[in-house]
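These numbers come from the heavy atoms of this one structure, side chains and all, not from hydrogens, waters or symmetry mates. Letters A, B, ... mirror the listed sequences (proteins, then strands); counts begin at 1.
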Protein chains: 2
Amino acid sequence: MARLSFREQVLRVREDAIVTAVNRLLAEKGFDLMTVDEVAGEVGIAKASLYKHFSSKEALAAAAMVRLMERTLAVVEQQRARTETSAVQRLEAVTRWALQLQLAGEMPSLPSQNSSLRAELLAHQTYLDLLVRVSDHLGAWIVQAQAEGDLDNSFPPEVVLYTVFARACDPVPGFLKASGQHSDEQIVDWVLAVCMNGLRGGTKPAAKSLPQAAAV
Amino acid sequence: MARLSFREQVLRVREDAIVTAVNRLLAEKGFDLMTVDEVAGEVGIAKASLYKHFSSKEALAAAAMVRLMERTLAVVEQQRARTETSAVQRLEAVTRWALQLQLAGEMPSLPSQNSSLRAELLAHQTYLDLLVRVSDHLGAWIVQAQAEGDLDNSFPPEVVLYTVFARACDPVPGFLKASGQHSDEQIVDWVLAVCMNGLRGGTKPAAKSLPQAAAV
DNA sequence: GTCTATAGCCAGATAGAC
DNA sequence: GTCTATCTGGCTATAGAC
C-alpha cells in the first residue's frame, strides 16, 4: 500500500466524514427526503464542495452502500474465523448484527423503486463485487445449515438469503422501539427469533436445541 | 342510506377511478416518486380537476389507504364468519391475502418517515377508525391462538401483530418474483410459511448464547 | 367541474472568483 | 478545493376562463 501524501489523507478524512453523514441521513430519512444541502450542512462544507467529491446525489448514496457492504463483509469474515460455530449460528450472528445496526440508526435504506438509483448501483463495480462476496458467503452457510438439518431444506437457498437480507429494512424493530416499552436487546431477540424459527421450519427436532427459555 | 342523485353517482365513480389510479401508482412507485400529473394522466382528467376532489397529494394517498383498510376489514370480517376455522388459520388467511395483493401490484406503500404524510393520516378519522378495527380483530385472534398453543405465547401480541402487518411491505416476495423462477402462488406459500413458522416458535435462537459480533 | 396556463417553491447541479 | 451566488427543471398547487 503506497503511503498517502498529507493532502490525500485530508481528502480521505473529509470524504469519510461525508459518507458518515450520508449514512446517518439515509438511515434517518431515506434517500428521497435526504437533501444534498443537509449533507453539506452536517459535514460543515458548502454544497458545491460536495460535488467536487461526489458527482451526484446517487453517487453519495452508492458510497454509503459501499461502506455498509464493507462493514458487512468484515462481520462475515469475523464469523468465518470462528471455527467452533455452526453455519446457522454464523448466519444468525450476522443477522443479529444487522438488526442492531438498524436499531442504532446506522442502517442506510434505499427505495428499491428509484430507477436512477438502481442504475447507479448496478453500474458500481465495487459495490456489486462486495455484494456478491457477502452473498456467496451467506449462501454457502445456508446450504451447509440445510444439509446439517439446522434450516428447513424445503426452502430454496435464495428464499433464506433474501429473508436474512430483508432484516436490514424490517419495519418491525422500529415499530417496537417506537412503542417505548422494550429494550433494544429484547427487540432484537424477538425479531431474530421470529426470523430464525421461521427458517428453521419443522425440519429440525430437539436434538441440538437449547433448553427452552421460560415464558416471560 | 339516502339515494344518490345522478350527479352524485358520477362524482362517486370519478373519485373511485382517482383512488384506483393512486392505489396502483403508490404500489408501483411509492409516494415520493408518484406525481400528481401522473395520477391525472392515468385518470384522464386535468390536474386542476383532481384538486377539486382532493385538496393535496397527501389527501390522495390517505384516500388510497382508507380504501386499503376497507378492503382489509372486509377480508377480516369474511374470515370472522368462518366459524369452523381456528384463530391462527384466520390470521394466516388474512396474511396470505395481503401477500397476494402485494404480488398483484395493488398494495400501496407509504414512506413511514414523511412527516406531512404522517400528520395527514393521523388526522384522518376514518382511516384511524378502520385501522383500529382491523388491529382489534387481529389482536383478538392472536391472543386466542396463543392460548390455544398455535402461536408462541412468549411473544407479546404486538410483536405478532406488527410481524403480520409488515408482510404488506415485505421486499422478499418482490425479489423472488424478480428472479422469475417461481410462480406467485409458490412465493406466497414460502413467505407465509417462514412467517407463520416463525411466530409458532418452539425453540429459542441459538445465537443468544454466542458472543456478539464486535462493531466494525 | 373541467380545462389551459402559470405561479411559487424547492432541490439538484453549476459558474466563477479566490 | 472551497466558497457564494445562480441556474435549471420539475413538482405542488392555484387563477381564471368557460
Using only heavy-atom distances, determine whether the side chains of B:T35 and B:D37 contain a donor-acceptor pair under 3.5 Å.
no
Without decimals, in angstroms, what is the distance between B:D37 CG and D:dA13 C1'?
11 Å
Looking at A:D136 and A:R133, is any side-chain nitrogen of the basic one under 4.0 Å from a carboxylate oxygen of the acidic one?
no
Base, sugar-phosphate, or nothing: which does B:S56 touch, judged by heavy atoms less than 4.0 Å apart?
sugar-phosphate
Between C:dA11 (P) and A:L25 (CG): distance, integer Å
13 Å
Tell me the interatomic distance from A:K47, atom NZ, to D:dT6, atom P, rounded to whole angstroms.
14 Å
Out of C:dT2, C:dC3, C:dG12, minimum distance to the side chain of B:A46 belongs to C:dC3
I'd like to know if the side chain of B:K57 and the backbone of B:M34 have a donor-acceptor N/O pair within less than 3.5 Å.
yes
OP1 or OP2 of C:dA13 less than 4.0 angstrom from a side-chain nitrogen or oxygen of A:Y51, does that happen here?
yes
Between B:K52 and C:dG1, does any side-chain N or O lie under 4.0 Å from OP1 or OP2?
no
Step by step, would you call A:L101 with A:R71 a side-chain contact (heavy atoms from CB on, under 4.5 Å)?
CA-CA 11 Å; A:L101 196 71; A:R71 294 180 70 178; 3.4 Å; yes
Could you tell me how far apart B:L33 (CG) and D:dT12 (P) are, to the nearest whole angstrom?
11 Å
From CA spacing to verdict: side-chain contact (heavy atoms from CB on, under 4.5 Å), B:Q89, B:E92:
CA-CA 5 Å; B:Q89 286 173 323; B:E92 181 169 325; 5.6 Å; no
Nearest-Å distance, CZ (A:F31) to P (C:dG12)?
8 Å
Applying a 4.0 Å non-hydrogen cut-off, can you work out what A:R7 is touching in the nucleic acid: base, sugar-phosphate, or nothing?
nothing
Below the 4.0 Å mark, does D:dG1 have OP1 or OP2 next to a side-chain nitrogen or oxygen of A:S49?
no
Taking any heavy-atom pair under 4.0 Å as a contact, classify B:T35: base, sugar-phosphate, or nothing.
sugar-phosphate
Does A:R14 place a side-chain N or O at less than 4.0 Å from the phosphate oxygens OP1/OP2 of D:dT2?
yes
Let me know the distance between CG of A:D32 and P of D:dG10, rounded to the nearest Å.
16 Å
Whole Å only: how far is the CD1 atom of B:I45 from the C1' atom of C:dT4?
15 Å
Which whole-number value in Å describes the distance from B:N114 CG to C:dC10 C1'?
15 Å
Of the options D:dT14, D:dT4, D:dT12, whose atoms approach the side-chain atoms of B:A48 most closely?
D:dT14
